[in-house]
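What follows is a short report on a single structure.
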Amino acid sequence: MQHSTRIVKLGDIQIGGPEIPVIAGPCAIESFDQFFNSIQGVYQAGASAMRGGIYKMRTNPQSFQGLGQQAYPIIETVKSDFNMPLVSEVTDPRQIELMMPHVDMFQVGSRNMYNYALLRELALTKKPILLKRGFSATIDEWIQAANYILQGGNDQVVLCERGIRGFETKTRNTLDLNAVAYIKQHTNFAIVVDPSHGTGRPELMLQMSGAAIAAGADALMLEVHVKPAEALSDAAQALSLGQFEQIMNSCRRVAKAVDRYIAEPRKLALQKSKTHFNNQEISL
Ligand code: PEP
Ligand code: MN
């Protein structure tokens, strides 16, 4: 039985309606130029919302951990130019207050899906929440985690399938499209699909993005970097702007086949704040 989808608002866009918004941007915000140029590219290709990590959950403690508070002035400048909502991961309840004015949707990462203290705190914010599936979580555990947020008083929750860990080594994770079809058939959660973490391989993302839409995805999340090889996190899976544009074109056709749509490309990108930002202020 197909349920009616709980529509979640993200700025002016809706997740769970006929439009399939695409959330795109780099894994992490690294500098003003890197974020501005990446977002300008995805904006022109038709993305509806931007992503960019401020606080990163890295496996290796020596790896780049995100700009933290230094990202906020960058975010505000880029937002004023492109007027797109920002989705960004919160890794610790102590970050919530700082992030509140800058972030439009809180992402709960795969590693934190079971962090019920974090989920309870997020329920109190009333901001939309994107709950990623734990990489070893069953569908049931994932739904129960979402219920923590609902029962805490926040009904603005979307689920995000980002791949699960299996025995396969050719791909980073196994994108579980069974889960997408299941969520659509048996729950009323809107579901976002993240083929970036789900495959870890840019050359597979066009097919898997289309497959996700065919399976019922309500939105896509993709990692895109203006200079993929130079990305400070998740470089191997970062899409170039050209690859992203191709994916968008292909997904528009798939969306149409399932009576949905993806926003058209935009011709003009504003550059009004670019010259006013002093990139030297950021020190890594
Ligand atoms: C991310 O979106 O950059 C991320 C860390 O995702 P996940 O929690 O799915 O690994
Ligand atoms: Mn990432």
Side-chain angles (χ1 to χ4, degrees), residues 10 15 22-30 34-35 38-39 42 47 49-61 63-68 71 75 85-92 95 99 103-115 118-119 122 128-137 139 141-142 145-146 157-166 171-177 179-180 191-202 204-205 208-209 212 217 219-240 243-244:
L10 169 56
I15 305 181
V22 178
I23 305 161
C27 181
I29 299 170
E30 301 167 5
Q34 172 259 6
F35 194 53
S38 302
I39 297 306
V42 301
M50 54 190 186
R51 62 153 289 145
I54 301 165
Y55 304 99
K56 296 306 297 178
M57 295 278 285
R58 305 305 298 281
T59 305
N60 182 339
S63 301
F64 174 61
Q65 301 285 312
L67 286 184
I75 290 167
L86 174 70
V87 182
S88 193
E89 181 174 353
V90 54
T91 62
D92 182 316
Q95 295 157 358
M99 293 175 81
V103 169
D104 302 286
M105 178 179 242
F106 285 119
Q107 173 175 325
V108 177
S110 189
R111 295 165 181 79
N112 265 324
M113 189 206 83
Y114 295 105
N115 186 342
L118 177 63
L119 301 181
L122 288 170
I129 312 292
L130 180 140
L131 180 64
K132 286 202 161 192
R133 181 180 185 179
F135 49 75
S136 298
I139 294 172
E141 289 167 336
W142 186 23
V157 185
V158 297
L159 302 180
C160 177
E161 165 59 38
R162 49 78 72 203
I164 50 177
R165 189 171 276 184
T171 49
R172 182 176 180 182
N173 289 293
T174 294
L175 187 66
D176 182 11
L177 295 182
V180 179
I191 181 150
V192 180
V193 176
D194 169 359
S196 293
H197 295 84
T199 66
R201 302 190 76 117
L204 306 184
M205 290 176 200
M208 296 314 290
S209 297
L220 294 178
M221 177 181 260
L222 288 160
E223 288 191 346
V224 185
H225 195 288
V226 65
K227 291 180 184 158
E230 294 175 20
L232 297 180
S233 64
D234 284 348
Q237 70 187 34
L239 292 165
S240 67
Q243 288 171 322
F244 179 67

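One-based numbering, in listed order, for ligands and for the atoms of each. Predicted, not measured: the structure shown is a model, and the values here were computed from it.
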Taking 2.8 Å as the upper limit, name the protein N, O or S atoms near the Mn ion (ligand 2).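 Hits for the Mn ion (ligand 2) below 2.8 Å: C27 SG, H197 NE2, E223 OE2, D234 OD2.
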Neighbouring protein residues of ligand 1 - any heavy atom closer than 4.0 Å: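 Under the 4.0 Å cut-off, ligand 1 touches C27, R51, K56, E89, Q107, G109, S110, R111, K132, R162, H197, E223.
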State which residues pass side-chain contact (heavy atoms from CB on, under 4.5 Å) with R58; sequence neighbours excluded, sorted by chain then number.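 Applying side-chain contact (heavy atoms from CB on, under 4.5 Å) to R58 gives K56, S63, F64, Q65, S233.
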Nearest atoms (heavy-atom pairs only) where [X] meets [Y]:
{"X": "L222", "Y": "S196", "answer": "CA-OG, 3.5 Å"}
{"X": "S110", "Y": "K132", "answer": "N-CB, 3.8 Å"}
{"X": "W142", "Y": "L131", "answer": "NE1-O, 3.2 Å"}

Does the side chain of Q237 pick up a donor-acceptor pair with the side chain of R172 at under 3.5 Å?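 Short answer, yes.
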Criterion side chain to side chain contact (heavy atoms under 4.5 Å, CB included) against F35, the qualifying member of E30, M50, H225: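 Exactly one pass, corresponding to M50.
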Once side-chain hydrogen bond (donor to acceptor under 3.5 Å, both in side chains) is applied, do any residues pair with Q107, and if so which ones, sequence neighbours excluded?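 Not a single residue meets the side-chain hydrogen bond (donor to acceptor under 3.5 Å, both in side chains) criterion with Q107.
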Pair E223, H197 - check side chain to side chain donor-acceptor pair (under 3.5 Å), show working. CA-CA 9 Å; E223 288 191 346; H197 295 84; 3.2 Å; yes
Test side chain to side chain donor-acceptor pair (under 3.5 Å) on Q95 and D92; report intermediate values, then the result. CA-CA 6 Å; Q95 295 157 358; D92 182 316; 5.2 Å; no
